[in-house]
**Student:** 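Here it is: the structure, laid out below.
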Number of protein chains: 2
Amino acid sequence: MHPRRPFVKTRRLDSFILCSVTPNKTPGTPRRNDRSRRAILDAARELVAEKGYAKLTIEAIAARAGVGKQTIYRWWPSKGAVLLDSVLALSQNGEGEGAEQAITLPDTGDVEADLKALMRATAAEFSDPSFEAPIRALNSEIANDPDLAAVYAEQVAAPVEEAKRERLRSARRAGQIAADTDLDLFLDMLYSPLYQRWLLRSGELTPQYTDRLVEAVLRAFPPAK
Amino acid sequence: MHPRRPFVKTRRLDSFILCSVTPNKTPGTPRRNDRSRRAILDAARELVAEKGYAKLTIEAIAARAGVGKQTIYRWWPSKGAVLLDSVLALSQNGEGEGAEQAITLPDTGDVEADLKALMRATAAEFSDPSFEAPIRALNSEIANDPDLAAVYAEQVAAPVEEAKRERLRSARRAGQIAADTDLDLFLDMLYSPLYQRWLLRSGELTPQYTDRLVEAVLRAFPPAK
DNA sequence: CAAGCGAGACGAGACGGTTCGTTTCGTCTT
DNA sequence: AAGACGAAACGAACCGTCTCGTCTCGCTTG
């Protein structure tokens, strides 16, 4: 029914995000109301923070956004998709207006210091209440919806993962970690414990914890002397 | 309303599970129909495996179990609680009839071999379709419900965690890992990557992966020579 | 250039259907 | 006699679809 489906469930998704960021002047393109779009995403984030994910409702989002329900159903296939987009929009706005910029991580030349700072910052981000609720909700949705998981992996996780990997390559070149280090395994060992501790609330996310974690992971991939 | 609430939402929970395992002969106790209880837990597990968690319904559980809805609402506060109980009952039945037996892990004297075998077995368990759906669903629920998370941590995670810790203490005594090893950090680094890889479907759970993971974690806590 | 036209997104809300959690009833066990 | 049980009806909440009438565009036509 829709000339161009903005949020596709399949792997192939040609720049829905770009579509919303770049002005929409090409002829024949569906005229999407950007004010409504933002209002929906904002409302979704607010409501999930207030009421919790279980009580998040399309009708409530529409009501708070001052929007007809059909406007939501027209552009998103599921509640999870709205949520993913709202988190996506949040992180993109936080980083600037421009589209698709490659992410780069700080590189002072000292991996240990850089990683410790990065992990502390990540832990702090996890503790931010305005991030907490939406991301927690999004994770629930992702765990049970492979399609959504694929979009998330492609749009959110992949760029960040690549930035981390790039930082580790730099460290590997500098001889600070083993030359044959498996970067994916390294990153799994570094981030998963932090992530799981947060997701399952199995412990506090203190700087002490993240520092000790970084030290331990670095010990697992020592450079040859 | 209920003389004794079988599934409490607060931290304090005096042996609901024991209550269901040990025969219920004490006078003044509510007469709970054990046939119904089992039918409900079985139905919940079957349905979540068939239809997925999103389509799991109290009404459907009641219908399949041949039970009135009220019988479910009488004994469990939420859908998540039913699910937790059904997973709990499954793992307990699998291990034997007796109540509350301490779990022990294999100890051949070789930590690396034991951990590799354990991780392979864990990975295989994660891949079992009859485990997959309920546990995935349970995790979603736990991530958004701190009360349920507390019960889960106490009833399911804690005993297993302690068994793992005990196995590591043995290894520490044997001088196979560092004397000052932080066991909790060790276990986080060992299990979280596997767990997250499964939960987020970010990669295959191959024996190669778990083996390399075990090796890397052991490298992070080397014994003094 | 300006007036008119048609496509399509929009806000609003009615619709039937499903599930919720509660309540009532009669039965059966203890 | 008390209380848990199966069954089923109930109002409320949301679901996802649909139909309105309105509005904003881009294109055509005079």
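In the text below, chain A, chain B and the rest are named by the order of the sequence lines, each starting its count at 1. Keep in mind that what you see is a predicted model, and the values were worked out from it rather than measured.
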**Student:** Would you please name every residue forming a salt bridge (charged side-chain N to carboxylate O under 4.0 Å, His left out) with B/Lys79, sequence neighbours left out?
**Tutor:** none
**Student:** List the residues meeting side-chain contact (heavy atoms from CB on, under 4.5 Å) with B/Ser170, not counting sequence neighbours, and say none if there are none.
**Tutor:**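 Testing B/Ser170 for side-chain contact (heavy atoms from CB on, under 4.5 Å), a comparison that skips the adjacent residues, returns B/Asp107, B/Arg167, B/Arg173.
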**Student:** Would you indicate, yes or no, if D/dG6 has its OP1 or OP2 atom less than 4.0 angstrom from a side-chain nitrogen or oxygen of B/Thr71?
**Tutor:** yes
**Student:** When you check every protein heavy atom under 4.0 Å of nucleotides 13-19 of chain D, what one-letter string (B, S, -) results, 5' to 3'?
**Tutor:** -BBBBB-
**Student:** Under the ring-ring contact (aromatic ring centres under 6.0 Å, His included) rule, collect the residues that match up with B/Tyr209, sequence neighbours excluded.
**Tutor:** none
**Student:** In chain order, what residues pass the ring-ring contact (aromatic ring centres under 6.0 Å, His included) check against A/Phe126, with sequence neighbours excluded?
**Tutor:**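 ring-ring contact (aromatic ring centres under 6.0 Å, His included) list for A/Phe126, sorted by chain: A/Trp198.
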**Student:** Give me the distances for all protein-to-nucleotides 28-30 of chain C N/O pairs that come in under 3.5 Å?
**Tutor:**
from	atom 1	to	atom 2	distance (Å)
C/dT30	O4'	B/Arg31	NH1	3.3

**Student:** Indicate whether any N or O donor in one side chain lies under 3.5 Å from an N or O acceptor in the other, for A/Asn139 and A/Tyr152.
**Tutor:** no
**Student:** May I ask you to check whether B/Glu141 and B/Tyr53 show a side-chain donor-acceptor distance below 3.5 Å?
**Tutor:**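 B/Tyr53 and B/Glu141 do have a side-chain donor-acceptor pair below 3.5 Å.
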**Student:** Report the residues that fulfil side-chain contact (heavy atoms from CB on, under 4.5 Å) with A/Ala39, sequence neighbours left out, ordered by chain and then residue number.
**Tutor:** A/Ala65
**Student:** Could I get the full list of side-chain contact (heavy atoms from CB on, under 4.5 Å) partners for B/Ala163, not counting sequence neighbours?
**Tutor:** B/Ile103, B/Leu105
**Student:** Under 4.0 Å between a side-chain N or O of B/Trp75 and OP1 or OP2 of D/dC5?
**Tutor:** yes
**Student:** Mind checking salt bridge (charged side-chain N to carboxylate O under 4.0 Å, His left out) for A/Arg35 and listing every partner two or more places apart, or none if nothing turns up?
**Tutor:** none
**Student:** At a heavy-atom distance below 4.0 Å, what parts of residues 41-53 of chain B sit against DNA chain D?
**Tutor:** none
**Student:** Between A/Arg74 and C/dC10, is there a side-chain N or O to OP1/OP2 distance below 4.0 Å?
**Tutor:**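 Result: yes.
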**Student:** With sequence neighbours left out, write down each residue that passes side-chain contact (heavy atoms from CB on, under 4.5 Å) with B/Ala60, or none if nothing qualifies.
**Tutor:** B/Leu47, B/Thr57
**Student:** Expressed as a whole number of angstroms, how long is the span from A/Trp76:CH2 to C/dC10:P?
**Tutor:** 9 Å
**Student:** Quickly work out the A/Arg37 CZ to C/dC10 P distance and round it to whole Å.
**Tutor:**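 These atoms are roughly 12 Å apart.
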**Student:** Taking atom C1' of D/dG6 as reference, at what distance in whole Å does atom CD1 of B/Ile72 sit?
**Tutor:**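 To the nearest whole Å, that distance equals 12 Å.
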**Student:** State whether A/Ser36 places a side-chain N or O below 4.0 Å from either non-bridging phosphate oxygen (OP1 or OP2) of C/dG11.
**Tutor:** yes
**Student:** Measure the distance from CD1 on A/Ile40 to C1' on C/dG11 and round it to the nearest whole Å.
**Tutor:** 11 Å
**Student:** Which pairs pass salt bridge (charged side-chain N to carboxylate O under 4.0 Å, His left out) with one or both residues in residues 125-134 of chain A, sequence neighbours excluded?
**Tutor:** A/Glu132-A/Arg136
